[in-house]
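Here is the structure we will look at.
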Amino acid sequence: MSEKIYNMVDLETIEKLADIVAAKELGEITIADGEKYITVKGKKCLPPMPLAGAPVAASPAVSAAAPAAPAETPAVSQKPAGKSIKAPLVGTFYAAPSPDQPPFVQVGDTVKKGDVVLIIESMKLMNEVTSDVDGVVQEILVKNGDAVEYDQPLMILS
């Protein structure tokens with residue numbers, strides 16, 4: 001019989017989750033059973049901010065090696081021009097406050113510093129993301145419902 005952590009998950013399952021995180025280059029993967037949860041993190045993810053009263057999760061290090069960086073750097077930068085709004089946490093991108101309402105912003109809209117421009121759902125919490133600059137929305141880099149990583153550019157303002 002395999003050893004279980006907190007009577008929830010065996011080590012073999014955690015190793016498989018770690019392999020998935022490494023192979024798919026995910027920031028993290030979490031499995032939950034009621035109030036108990038375990039998060040396996042990749043190399044790109046920041047430590048979680050535990051909720052008040054939430055149990056501490058087991059978080060083994062991912063042992064799989066990250067893919068090697070390309071040998072050559074392209075001469076032309078792939079970074080879009082302008083000011084980017086980046087994801088402040090890992091989660092799911094939502095462009096509107098609810099499915100039956102219009103998006104916070106669309107391409108061409110003027111945004112003021114402090115305006116809510118999107119929502120990122122993380123651990124079943126909806127986190128409003130505000131613009132830290134004034135500008136006009138030039139491009140929205142992700143689609144509604146996309147998983148986003150910490151510090152990933154989501155929107156470009158001019």
Query raised in the report: Would a hydrophobic clustering, with Ile, Leu, Val, Met, Phe, Trp and Tyr connected at side-chain separations under 4.5 Å, put V137 with I120?
Result: yes
Report task. List the atom of P102, the atom of P97, and the distance in Å for their closest heavy-atom pair. Result -> O-CD, 3.6 Å
Query raised in the report: Is the side chain of D151 donor-acceptor paired with the backbone N or O of E149 at a distance under 3.5 Å, no angle test?
Result: no
Query raised in the report: Are V117 and V107 connected, step by step, through hydrophobic side chains (Ile, Leu, Val, Met, Phe, Trp, Tyr) whose heavy atoms are closer than 4.5 Å?
Result: yes
Report task. State, with a plain yes or no, whether a side-chain heavy atom of V111 is found less than 4.5 Å away from one of M155. Result -> no
Query - N127 vs S122 side-chain heavy atoms within contact, under 4.5 Å - result: yes
**Report entry** Nearest-0.5 Å distance, OG of residue S131 to CG of residue D115
**Finding:** 7.0 Å
Report summary line: dist E139:CD -> S84:OG (nearest 0.5 Å) comes out at 11.0 Å
Report summary line: From the list T130, L141, V129, side-chain contact (heavy atoms from CB on, under 4.5 Å) partner of I85 resolves to V129
Query raised in the report: With the 4.5 Å side-chain cut-off for hydrophobic clustering, are V90 and Y94 part of the same group?
Result: no
Report task. Calculate, to the nearest 0.5 Å, the distance between atoms CD1 and CZ belonging to I140 and F93 respectively. Result -> 6.0 Å
Report summary line: Here the gap from D134 atom CG to S158 atom OG, rounded to the nearest 0.5 Å, amounts to 11.5 Å
Report task. Could you tell me the separation between the CD atom of Q138 and the CG atom of D109, rounded to the nearest 0.5 Å? Result -> 11.0 Å
Requested in this report: Please examine the side chains of K113 and V133, heavy atoms only from C-beta on, and report whether any two atoms are closer than 4.5 Å.
Outcome: no
Query - Y150 with L154, same ILVMFWY side-chain cluster at under 4.5 Å - result: no
Query raised in the report: Given the rule that I, L, V, M, F, W and Y join up when any side-chain heavy atoms are under 4.5 Å apart, are L118 and L125 in one cluster?
Result: no
Query raised in the report: So, E121 and T92: side-chain donor and acceptor under 3.5 Å apart, yes or no?
Result: no
